[in-house]
**Q** 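The structure is given below, and queries will be raised subsequently.
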Amino acid sequence: MTPAIIAFVVLLFIGAPVAVVMAMSGLAGGFALGGERMLGIIADRMFSGVSGFLLIAVPYFIFTAELMNQGGLTHKLIAFNNALFGRVRGSLSHVNISVSVFFAGLTGAAVTDTVAIGKIMIPEMKKQGYDAEYAAAVTACSSIIGPIIPPSVVMVVYATLLRDISVIDLFAGGIIPGLLMALALLGVSFFLAWKRNYPKQAPTPFKAAIIALLVALPAMVVPLIILGGILSGLTTITEASGFAAVYAIVIGVVFYRNLTWRKIWDALVTTVRFSGVVFFLLATSAVLGWFVTRSGIARDAASMITTFSDVAFVQLMLVCLLLLVIGTVMDVLPALVVIAPVLVPAMIQLGFDPLHFAILMIVVLNISNVTPPVGMTLMTAARIAEVPYERAIVASLPFYVSFLVVIVLLAAFPALSTWIPSLL
């Protein structure tokens, strides 16, 4: 175990890519366990880590999201949500959040949401008198709903790493927590809009609102295609993701008529790049996961957690705190593939529901996306808003506190994560 830990810490400290860190530490640990004969097993583990049929859905989900971005879907969703909130004080702030909820059913990735919505909403909010740092904060914080409301690339990766939970249960389990996060953000948004006297907009005429709904409707059907097919049992995850990609091309070319061959090519290039990163991470995480299983680290981690407290809720809170700390230095996917093989078996050993803990872990790691110093979505939104990152951090604190409340609720009430899957 010691060579693996030394390799992990040293490589991480010198700034090596996370995939290389996991591969080399797993290699060092395997060699310490069984010498040269373990090298063949490690190669086999890397292959098996990316050979699952479920993983075909990952590039399809990414491709669908990119097609919707390239096809100008964001404008349609913003127009529709603006019709809903236009007459309310601070309407653009609320629109920013509600659009992210709709967008979450299409992208499944937080940074994609930040860029697609932020490039439109942040300049408009600044023009109407909102603080630039507030515009960045609300955009970044609402974007992390993306990987929680299904479909979610993060959940597909989790189901591949820990095969004791189906991705269908993860998708269903993320619905209530995602909506709960949206409600928490809207509560803060309404309070700050009232306190700071943010502007209203002119009410949208009923006819214009209906037109905005009809224009956005074909795009809003995409999540229904994916979730309806999967949860009803009519399609598998991969079939639903493939059909969603085809449907996105059809409505982009035929209905909206702004998806060109060049844009489709750009979407393909982005899909290949992002998929390559995901698959390499999964291959190397399989090596580390194999070593963790063989070495008994998970058993030791469970024992360590029980030394702090025997109370289940306190144990969950300690683990959530650990996840938040890890999220300050690592992005969501790398953090997930590094820590999940260790923590999940330990928590199951302590008697926690695997699905409940899975959803809680995904939520907490995604909240790390707005936790400095990394905070990728917050950093991206600050760049779009052209404000110092530090000011965006301060502006995001009220939303961050609301997220912490959601974490406590999810930890205290497992049914928030398990009720919908239990109906299936």
**Q** Give me the atom names and distance for the closest heavy-atom approach of Thr235 to Ala240.
**A** OG1-CB, 3.5 Å
**Q** Are side-chain heavy atoms of Ile122 and Lys126 found at a separation under 4.5 Å?
**A** yes
**Q** Kindly say whether Leu186 contributes a backbone atom to a donor-acceptor pair with the side chain of Ser189 at under 3.5 angstrom?
**A** no
**Q** Taking the side chain as C-beta and beyond, is there a heavy-atom pair between Leu185 and Cys141 under 4.5 Å?
**A** yes
**Q** Output, in order, the C-alpha distance, side-chain angles, deciding distance and verdict of side-chain contact (heavy atoms from CB on, under 4.5 Å) for Ile237 and Phe171.
**A** CA-CA 10 Å; Ile237 300 287; Phe171 277 12; 4.1 Å; yes
**Q** Do other residues, nucleotides or ligands put more than 12 heavy atoms under 6.0 Å from Glu386 CD?
**A** no
**Q** Aromatic contact between Tyr60 and Phe243, with the criterion being ring centroids under 6.0 Å apart: yes or no?
**A** no
**Q** For a 4.5 angstrom cut-off between non-hydrogen side-chain atoms, does Leu268 reach Glu66?
**A** no
**Q** Please answer whether the main-chain N or O of Met121 pairs with a side-chain N or O of Glu124 as donor and acceptor at a distance below 3.5 Å.
**A** no
**Q** Any non-hydrogen side-chain atom of Leu324 less than 4.5 Å from a side-chain atom of Leu404?
**A** yes
**Q** Using atom types as modelled and distance alone, determine if a side-chain donor or acceptor of His94 lies under 3.5 Å from a backbone N or O of Arg89.
**A** yes
**Q** Are the side chain of Thr64 and the backbone N or O of Ala245 linked by a donor-acceptor pair below 3.5 Å?
**A** yes
**Q** Within the 4.5 Å heavy-atom criterion, are Ile165 and Tyr158 side-chain neighbours or not?
**A** yes
**Q** Would you say Phe413 has more than 12 foreign heavy atoms packed within less than 6.0 Å of its CZ?
**A** no
**Q** Using a 4.5 Å cut-off on heavy atoms from C-beta on, say whether the side chain of Leu316 contacts that of Met347.
**A** yes
**Q** Determine the sole option in Leu323, Asn366, Val157 for which the side-chain contact (heavy atoms from CB on, under 4.5 Å) test with Leu336 is passed.
**A** Val157
**Q** Is Tyr400 close to Ile393 at the side-chain level, that is, under 4.5 Å between some pair of heavy atoms?
**A** no
**Q** Indicate the ring-plane relationship of Tyr134 and Tyr198, choosing parallel, tilted or perpendicular according to the 30° and 60° boundaries.
**A** tilted
**Q** Ignoring hydrogens and angles, tell me if any N or O in the side chain of Ser152 forms a donor-acceptor pair with the backbone of Pro147 under 3.5 Å.
**A** yes
**Q** Should the pair Phe191 and Trp194 be assigned to parallel (<30°), tilted (30 to 60°) or perpendicular (>60°) ring geometry?
**A** tilted
**Q** Does any part of the side chain of Ser417, heavy atoms only, come nearer than 4.5 Å to the side chain of Leu360, both counted from C-beta?
**A** no
**Q** Test side-chain contact (heavy atoms from CB on, under 4.5 Å) on Met317 and Val408 and set out the steps.
**A** CA-CA 8 Å; Met317 288 293 95; Val408 172; 4.2 Å; yes
**Q** Any donor-acceptor pair under 3.5 Å linking the side chain of Thr260 with the backbone of Lys263?
**A** yes
**Q** Determine, step by step, whether Leu318 and Val314 satisfy the side-chain contact (heavy atoms from CB on, under 4.5 Å) criterion, reporting the C-alpha distance in whole Å, the side-chain angles of both residues, the deciding distance to 0.1 Å, and the verdict.
**A** CA-CA 6 Å; Leu318 288 171; Val314 175; 4.2 Å; yes
**Q** For the residue pair Pro218 and Ile251, what are the closest heavy atoms and their distance?
**A** O-CD1, 3.9 Å
**Q** If we ignore hydrogens and angles and just use 3.5 Å, is the side chain of Asp131 paired with the main-chain N or O of Glu133 as donor and acceptor?
**A** no
**Q** Taking Ser275 for its side chain and Thr271 for its backbone only, find out whether a donor-acceptor pair lies under 3.5 Å.
**A** yes
**Q** Near Arg257 CZ, under 6.0 Å, is it more than 12 heavy atoms from other residues, nucleotides or ligands?
**A** no
